[in-house]
Each structure stands twice: as C-alpha cells, then as structure tokens.
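Take a look at the structure set out below.
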Amino acid sequence: MGLYSEEIRNITDKSSKQLFEFAVADENNAEKIGYSNYSYWRSTWKSFLKNKVAVSLLILVIAIVLFVLIQPYLPNQKSPTEIYLDPETGYQARNVPPNEEFWFGTNSIGQDLWSRIWAGTRTSLFIGVVVAIVEAIIGITIGALWGYSRKLEAPLTHAYNVIENIPTTIVLILMSLILRPSITTIIVAMCITGWVEMARFIRNQIVILRDREYNLASRTLGTPSYRIILKNLLPYLISIIMLRMSLAVPYAIGAEVFLTYIGLGLPVSEPSLGNLINEGRVLMMSPDLRYQLLFPSIVLSVITISFYIIGNSFADAADPKNHV
Amino acid sequence: MLGYIVKRLLQSVVTLFVIITVVFFLLRLLPEEGYLGAAADKMTPEQQEVYLTNLGLRDPILVQLGNFYLDLLRGDLGKSITYRTDVPVIDIIADKIVYSFAFGVAAVALSIIVGVPLGIFMAQFKGRWLDRLGTGYIVFIVAVPSMVYYLLIQVYITDFLNLPMLFNEDKPITWVLPLISLSLGPIASYAMWMRRYMVDELNKDYIKLARAKGVKERTIMFRHVMRNAFIPLAQYLPATILLTITGSIYIESLYSIPGMGGLLVDAIQRQDNPVVQALVLLFSSLGIIGLFLGDVAMALVDPRIKFGKGESVR
C-alpha cells in the first residue's frame, strides 16, 4: 500500500502547470544540428599518449634528432673527419680508448668517435627520412591508381608480380653497383625497391573501400576521381601510411649498413652508422677495441627499435576503431 | 589444381625470363674495368679494346643478349676474372653451393621447428610473460638491422663460450653459431605470424561454439586453431628462403664459410663482373622458385583457394 501512495505522490511532485501547456515551435532551434567535438587528430594523439613506452621512445627520438642537429654547434666538439695527432709523439692518435678528451675514444686513424657517431646518426637519419618520404609519395600515387583505376589494374598487377619476385637485396646491390656510391645514389637505390610494399598495401585497402556506398553516392553525384581518392579514400589509410613510413626509416638505416658491409656504401669520409659499424667490425678481433663496434651498434639499435615501436603504436592510435 | 600449378609455373618462367633480361642490361652498365681484371693497368687502350671485343662486349647489344642466352642454355656462365682468374664461374659456384644449400636448408628447418611452437605458445599465453618476452625478441630482431646482432653474437658469444670465431669444416661446433644467427630472423617472422593467426582464429565464433559445447581446450588448440593458422603460414616459406639468402651474404662472409653469399661480397669488392652476374641470376632464380613453391604449398593446404580465377595479389 505504502508503495503505491509514494509513487502517486511522486507524480504530483513532478507535474507542474508547464507540462500541460502547448510547446512553442522555435525556428532557430529546429535548424540546429547535432555537433560532436570529435577531432580525428586529437583522438589519435590521445590514444597514442596512453602507450607510455611509445611516448617515452618518441621523446627519446625527438631528443636524439635535436641533439644530432645542434651537436656540431655545441662547445668542445671535435670535427668528425679531422685526424687528431697525439701531442706527445706527433703521430696519429690511433685507437685511443674513451677518455676525457675523446669521450668515445678514437678510431683506427685517429678520428674522434663521439662526433663521428653523431655525424653518422645524422647521415643515417637523413637517408631514412628522405627514403620514407619518397617511398610514401611514389607508393601512395601508384597504389591509389592501381587500386582505383580498373584499366590500370591488370598491367600494374602483372608488373607487381614480376617485381615482387626479385629479391630486394639483389636490386639494391645492382643499383649501387651501377650508380657511384654517394648519399643520393643510396637513397635512389633504396627508393627503387621500397615503394612496392607501400603501393601494395594502399592498393589492397583501396580495393576494399572503393565500392562502398558512400563512394558510389559520391560518384553518382559527379565527384571527380582525384577528389574521391584524396578526400574519401586516403584519409582511411592514414594509419597504414604512417606505419609503413615509420618502418621505412629503420629499414633504410639497415639497408645502408648492408650496402656498406658489402663495399657499396658511402665513402669513409662521409660518416654514417653503416660506416662506423663496418669500421668497428674490422677491429673486433681485439677485445680492447670493441667499443668501436659497440657504441655505434647501441645508437643504431636504440633508433631503429624506437621507430619501430612508435610506428606500430601510432598506427594503432590512428585507427578510428580504437578511438573512444 | 594441376591447371593452377602449370599456370603459376608459366608465370614464374616468364618472370625469370624478364628478370634475366633486365639483369643482363643492368650489368652492361657496370664499369668495364670489371672485365679487364688486374691486367688493366698494363694494357694500352688499344689492347683493352681488342680484349673487350674478343669477349664480345663490342657487339650490338641484342646480339650480346642472344649469345648470353645461348651460353646460359649450355650452362656456360663465363670465366672469372679477378676472383680465380680464368676458372669457369660455374665451377667456382659448384664448389660453394653445397655449403650455402646445407646452411640454408638447416636454417629454414630450424626456424620452423623453433618459430612455429614459439608463436603457438605466445598465442596461448597471450599477455603473460612468455608472450611479452617473445614480443620483445621479435621487435628487436625485426627492427634492428641484422648485421648488428650477427656481429655482436660473433664477437661476444664466441668469446663467452670460448669458441673459435671462424667456420671450420672439421669442427662441427663452429657450425652452430652461423646456423643460429641465420635462423634468428626467420624464427622471429614465423613466431610473429603464427601468433597473429592463432589470436585471430581464437577470436572467431566457431571457437566460442566449441568452448560452449565443452570441447577440451587442447582439442580446440590443436584440431581447430592450429590447422587454420598453418595455412597462411605456408605463404611465408618463400619469404624465409629470401631472408636466408640475404642473411647468408652476411653470415658466410663473417664466419668465412666458403659459400655463395660470401662469394658475392668478395666478387663485388674485387669487381669480378662475370661472377657477380652469375650470382645475381642465381639468387633471383632462387627467389622466384621460393615464391612459386610458397604459392603451390598454399594451394595444397588451403582447400578454400579458388583456382584460375583472375589475378591474385597477396
């Protein structure tokens, strides 16, 4: 009994005169549309920040990049290519172990390893970033055409089946054999092989997306193809593009090490991580000199692993399915 | 089924033909000193010209191409110039191929034996320490250029275990480290893919049904999940072969194993064009054969693949 009476009392409490009046139609209110303050990049950034490891590695990479850029202008820095002489004997200061003057020691002809490592990191990062950008541009263009245009699909697929069959290492070797070793030729050689993967990923995604209803609607409304590709398709692929680009950097750095090892890399006068590791390798038989192999190896591993992890977690974060 | 294999085989043959031709033209762009060898300095320009003409390098390029194919069909790959002067390239390679083949096959076998179970365990204990450890290993191996860890293994592990640093045919203990190094990459990729497919498969509805029916977890794992996860894995066999080829270039020269990978590095450094040409052709053919076998294996294990319908892109 008590239950019923309470409910009734509630209703009388809530009811008021207002409820029994006619509502007034408001033109302005009727025109208002729903608005959500969802922003793609902000959500991406937010979910990226949740991954603590990736964030700390990102900070580390940014710090390394900044340091590498300003290092030559810091006080007390030595030149990476100058050969230093031992003041007492007047000979080259060869294989000096790390000390106060040469923080990472010197190499076998008396160059300062500390500045060589940072100069090498600069070269290698430069190669990596340029390769990643060029690969992305070529790969996205060809991948988009390949996936979107039905006329180009068959010839490009045939071409892909041939290209994919050639081991990339072999192409890399051939191109560097033919072009003379320099930073440009290394970048060219890597880009020749590198865009294929990107193009294939883009193509596969576009094939999936191109016939969805919203694109059909867009086409019937007369949207030009380039606009459909740029506005309707590519934004879906940001996650995959970022992933491929960030993986291209460690790949390019590794390819440079490989080319240097087989004798097709940069000249010794141009320090790069590949050069440094190769110099360290020559000396690894004597345990005292292994620091020359170890230091560049550590820097190289830190950079490549960071790019790999950052790329993967950014790709996760950029996927709208993972947004709240 | 047979039709598919024949079609795929034809495609591989066409690809091989295209690649050989492209490689041939590219190699004609190489510096010509690579054909002269050590004698180059002693020759006058006229003598060099005569020498190159005798080698057939002054013929029209299409005639050269024709001769090249004829020689190839006869199994004649030219003579080495600087590596071992005037020894037929085919003999040099024949000596080396045994080592590379043995190491390659052993490495592929080892990586399947270790990598696949690793992936299975990682999927089974997803999110636990084994999975984390395995993921750390995979990230390291995939991200860091292989040269770095090959070198560190050679330097520090030989030191630590007191092993000889270089390969010695008579001491089997020196075979172990090159083999393990060569397998590290493929192990990581097998484990990574196996884990991914297992996890994908475990999330499917039929597994839920099987659990709801009360099928034992073991039976689910081995009967359902693993069988389905194996299928896409067949596709990675060729990738493993390619990885092993690339790896062998490092490993063989690092441990001075008298194989083809080491030979390639040597020949490039000594500018021995005929040897480089032969090895490039050999490696690309291996790559093509690997991909062909991978596709056939894929078709054999997966009854769902439709044959002969359009072009497929992996």
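Naming: A, B, ... by sequence-line order, numbering from 1 per chain.
- For the atom pair CD1 (Ile20(B)) and CZ (Phe68(B)), the distance works out to 6.5 Å, reported to the nearest 0.5 Å.
- Under 3.5 Å, the side chains of Glu256(A) and Thr260(A) contain a donor-acceptor pair of N or O atoms.
- The distance from the CE atom of Met245(A) to the CG atom of Leu243(A) is 11.5 Å, given to the nearest 0.5 Å.
- Here Asp159(B) is the residue among Asp159(B), Val276(B), Val18(B), Leu152(B) with the most heavy-atom pairs under 4.5 Å with chain A.
- To the nearest 0.5 Å, atoms CG (Leu294(A)) and OH (Tyr156(B)) are separated by 4.0 Å.
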Please set out all donor-acceptor pairs under 3.5 angstrom arising from side-chain atoms of residues 132-147 of chain B, sequence neighbours excluded.
{"residue": "Arg132(B)", "atom": "NE", "partner": "Gly127(B)", "partner atom": "O", "Å": "3.3"}
{"residue": "Thr135(B)", "atom": "OG1", "partner": "Asp131(B)", "partner atom": "O", "Å": "2.6"}
{"residue": "Tyr137(B)", "atom": "OH", "partner": "Leu184(B)", "partner atom": "O", "Å": "3.0"}

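- Atoms CG and OH, on Leu182(B) and Tyr250(B) in that order, are 12.5 Å from each other to the nearest 0.5 Å.
- Within residues 121-131 of chain A, no residue has any heavy atom less than 4.5 Å from a heavy atom of chain B.
- In this structure, the side chain of Arg8(B) does not engage the main chain of Val296(B) through any donor-acceptor pair within 3.5 Å.
- No donor-acceptor pair closer than 3.5 Å links the side chain of Ser149(A) to the backbone N or O of Trp146(A).
- Chain B is approached within less than 4.5 Å, heavy atom to heavy atom, by Leu300(A), Ser301(A), Thr304(A), Ile305(A), Tyr308(A), Ile309(A) from residues 300-314 of chain A, ordered by number.
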Test salt bridge (charged side-chain N to carboxylate O under 4.0 Å, His left out) on Arg200(A) and Glu197(A) and set out the steps.
CA-CA 5 Å; Arg200(A) 186 188 60 141; Glu197(A) 278 291 286; 3.4 Å; yes
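- For Ser285(B), no part lies near chain A; criterion is any non-hydrogen pair under 4.5 Å.
- Atom CD1 in Ile206(A) sits 11.5 Å away from atom CG in Asp211(A) (nearest 0.5 Å).
- Contacts with chain A (heavy atom to heavy atom, under 4.5 Å) involve these residues of residues 257-266 of chain B, listed by number: Leu264(B), Val265(B).
- Counting only N and O atoms by type, the side chains of Tyr261(A) and Ser253(B) include a donor and acceptor under 3.5 Å apart.
- Proximity to chain A (any heavy atom under 4.5 Å) is shown, for Tyr149(B), by neither the backbone nor the side chain.
- With no hydrogens or angles considered, a side-chain donor-acceptor pair links Glu252(B) and Ser100(B) at under 3.5 Å.
- Within the model, atoms NZ of Lys151(A) and CG of Leu145(A) stand 12.5 Å from one another, a figure rounded to the nearest 0.5 Å.
- No donor-acceptor pair closer than 3.5 Å links the side chain of Asn275(A) to the backbone N or O of Gly120(A).
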